[in-house]
Amino acid sequence: MSSQPKAAHFSAWQRWTEGPRLNHASLIETLDGGQAFRWARYPDYLEGRWSDQVFRIKVAPGSSDLLEYSVPVSPEPTHALNALKHYFACAVDFAHHTDCLPWRSDPVLTTAIQAFPGLRILRQPFAECLFSFLCSSTKQIPQIKAIHEIVATTLGSQLPDGSHRLPTWPQIAAAGEAPLRAAKLGYRARYIYQTAEYIATAGTDWLREVEAMPTELARAELLRLPGVGRKIADCVLLFGAGRLDAFPIDTWVEKILTRAYQLEGWKLPQLQQFANAHFGPLSGYAQQYLFAAARAGKIAS
DNA sequence: GCACAGGTAGATT
DNA sequence: AATCTACCTGTG
């Protein structure tokens, strides 16, 4: 075959002194807890990719919650640290946002926050985030990650370290539905290909414009895409556009709301309204705490 | 073999 | 307008 992945050489570990402070559990949950699907866990670090970036990240050994990162050694100058800051949404004061959540009157939320202190909402590339969650319906996280690897390897451009990035939407449109089927996407392959066609027709700036729209308008635009319903639209807005007021309700969150908040029998639109009213304008951030805590068995679900 | 998994869209009631 | 059901594939 054409090109084997090279054994990439990584830089020495750099202390990210201005970066967010996260303990091990919260770091893992942030990067590999269902927001993003291109992180792999190794004994001493996580390795992941987005856009044309490749990073290894860990909590500094022995230190309290300070992060360290390492990148593939490259002959080209790199803007890696700026990319990392953007990905971690370092301009966002999550500590303040956490304090603004209604935990004082909500013991479930308090428990969830205590389980994953400092948990963050990533700011992923909008286009990649849309792809990711189009892959996600009725799939478990390990499967979604496996699909991402296949699609990146077969359709995405090669990076300097020999691995591959996710394909762009024009690349997906050009490739057609067949390679998506081959990536085990099943019925999602048609949605993804049709979405690629839609984006191609709508023009090159459409995604960028949608990302910049107010949340409700952006959601309405995303809902025009085949395969994108309310849940996927809200995931893209939350994890790919920094909209902390977007509250995706999946089967986990539905169970949390019905059981821990005793809302048995409520339908999705009602639960959506409850979430907005109860958790407020940062409801999406609350959702991530609850989702993480439920998966960890810390709260009823 | 069969139910179920980070849903959505189209059909049916 | 609310409630089924088909859609792919891997896993238990």
Side-chain angles (χ1 to χ4, degrees), chain A residues 28-39 112 116 119 121-122 124 128-151 154 166 172 176-199 219-241 243-244 246-260 263-273 275 283-301:
Chain A
I28 288 180
E29 191 61 28
T30 295
L31 294 177
D32 198 31
Q35 295 191 50
F37 302 99
R38 294 212 69 197
W39 288 90
F116 294 98
L119 183 73
I121 304 294
L122 298 171
Q124 301 179 248
E128 290 188 354
C129 200
L130 173 60
F131 171 80
S132 289
F133 285 93
L134 274 168
C135 297
S136 71
S137 72
T138 59
K139 282 275 182 205
Q140 297 177 120
I141 291 174
Q143 290 178 57
I144 302 169
K145 290 169 68 171
I147 288 168
H148 276 58
E149 283 319 296
I150 297 173
V151 171
T154 56
L166 287 174
I172 294 172
E177 183 179 327
L180 299 172
R181 290 271 171 184
K184 305 177 180 180
L185 274 157
Y187 64 85
R188 302 158 197 81
R190 179 163 38 88
Y191 291 148
I192 292 170
Y193 176 63
Q194 288 176 342
T195 286
E197 287 189 307
Y198 183 103
I199 292 170
R219 180 185 293 119
E221 288 300 310
L222 289 172
L223 288 174
R224 303 163 79 94
L225 299 171
V228 176
R230 177 65 189 249
K231 189 270 174 184
I232 290 178
D234 280 352
C235 282
V236 176
L237 291 169
L238 180 59
F239 306 130
R243 306 311 171 88
L244 302 184
F247 189 93
I249 301 182
D250 58 33
T251 54
W252 282 92
V253 174
E254 184 179 2
K255 285 176 185 171
I256 295 165
L257 292 177
T258 56
R259 296 182 192 175
L263 303 176
E264 291 89 353
W266 290 42
K267 301 304 170 190
L268 244 41
Q270 299 175 295
L271 293 174
Q272 196 82 59
Q273 278 204 329
S283 58
Y285 190 28
Q287 177 272 167
Q288 203 57 30
Y289 274 121
L290 295 172
F291 179 77
R295 291 202 320 135
K298 306 285 188 182
I299 61 176
S301 61

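Just so you know, these numbers use all the heavy atoms, side chains as well, and skip hydrogens, waters and symmetry mates. Protein chains get the first letters and strands the later ones, always in sequence-line order, with residue 1 at the start of each.
- Projected onto DNA chain B by closest heavy-atom contact, Pro226(A) and Lys255(A) fall at different nucleotides, the more 5' of which corresponds to Lys255(A).
- In this entry the distance linking CD1 of Ile144(A) with P of dC4(B) reads 19 Å, nearest Å.
- Stacking is not found between Tyr187(A) and the pyrimidine-like six-membered ring of the dC8(C) base under the 5.5 Å centre-distance and 30° plane-angle cut-offs.
- Using a 3.5 Å distance cut-off with no hydrogens or angles, the side chains of Tyr187(A) and Tyr191(A) do not pair a donor with an acceptor.
- Using a 4.0 Å heavy-atom criterion, one finds that Gly229(A) contacts the sugar-phosphate atoms exclusively.
- Set against dC8(C), dA5(B), dG7(B), the side chain of Ser137(A) has dG7(B) as its closest nucleotide.
- Proximity of Gln272(A) to Arg230(A): side-chain heavy atoms (C-beta onward) are separated by under 4.5 Å at one or more points.
- Going from atom OH of Tyr191(A) over to atom P of dC8(C) covers 9 Å, rounded to whole Å.
- One P atom belongs to dC8(C), the other to dA11(B), and the distance between them is 15 Å to the nearest Å.
- At the heavy-atom level, Gln194(A) lies nowhere under 4.0 Å from the strands shown.
- Atom CH2 of Trp266(A) and atom P of dA2(C) are 15 Å apart (whole Å).
- Between Arg188(A) and the phosphate of dG7(B), there is no side-chain N or O to OP1/OP2 separation shorter than 4.0 Å.
- Contact record, Ala260(A) with Ala300(A): CB-O, 3.8 Å, taken as the closest heavy-atom pair.
- Across all strands shown, dG10(C) forms a Watson-Crick or G-U wobble pair with dC4(B), both key distances being under 3.5 Å.
- Contact between the side-chain N/O atoms of Lys184(A) and the OP1/OP2 oxygens of dC8(C) is not found at any separation under 4.0 Å.
- Aromatic ring centres of Phe37(A) and Phe133(A) lie closer together than 6.0 Å.
- Remark: P of dT11(C) and CD of Gln140(A) are 9 Å apart, rounded to the nearest angstrom.
- Distance from the side chain of Thr138(A) is smallest to dA5(B) among dT9(C), dA5(B), dT8(B).
- Spacing between atom CG of Leu268(A) and atom C1' of dA9(B) amounts to 15 Å, rounded to whole angstrom units.
- Comparing dT3(C), dT8(B), dG10(C) by their closest approach to the side chain of Lys267(A) singles out dT3(C).
- Separating the CD1 atom of Ile147(A) from the C1' atom of dC8(C) is a distance of 10 Å, rounded to the nearest angstrom.
- At a threshold of 4.0 angstrom between heavy atoms, the contacts of Leu134(A) with the nucleic acid are absent.
- Contact of the Leu271(A) side chain with the Val253(A) side chain is not registered, since no non-hydrogen atoms from C-beta on lie closer than 4.5 Å.
- As a whole-Å value, the separation of Leu180(A) CG from dT9(C) P is 12 Å.
- When each of dT9(C), dC7(C), dG7(B) is scored by its nearest atom to the side-chain atoms of Arg190(A), the top-ranked nucleotide is dC7(C).
- As judged by a 4.0 angstrom heavy-atom cut-off over every strand, Glu254(A) is placed among residues making no nucleic acid contact.
- The local environment of NZ in Lys298(A) is sparse, with at most 12 non-hydrogen atoms from other residues, nucleotides or ligands closer than 6.0 Å.
- Whole-Å rounding puts the Ile141(A) CD1 to dG7(B) P distance at 11 Å.
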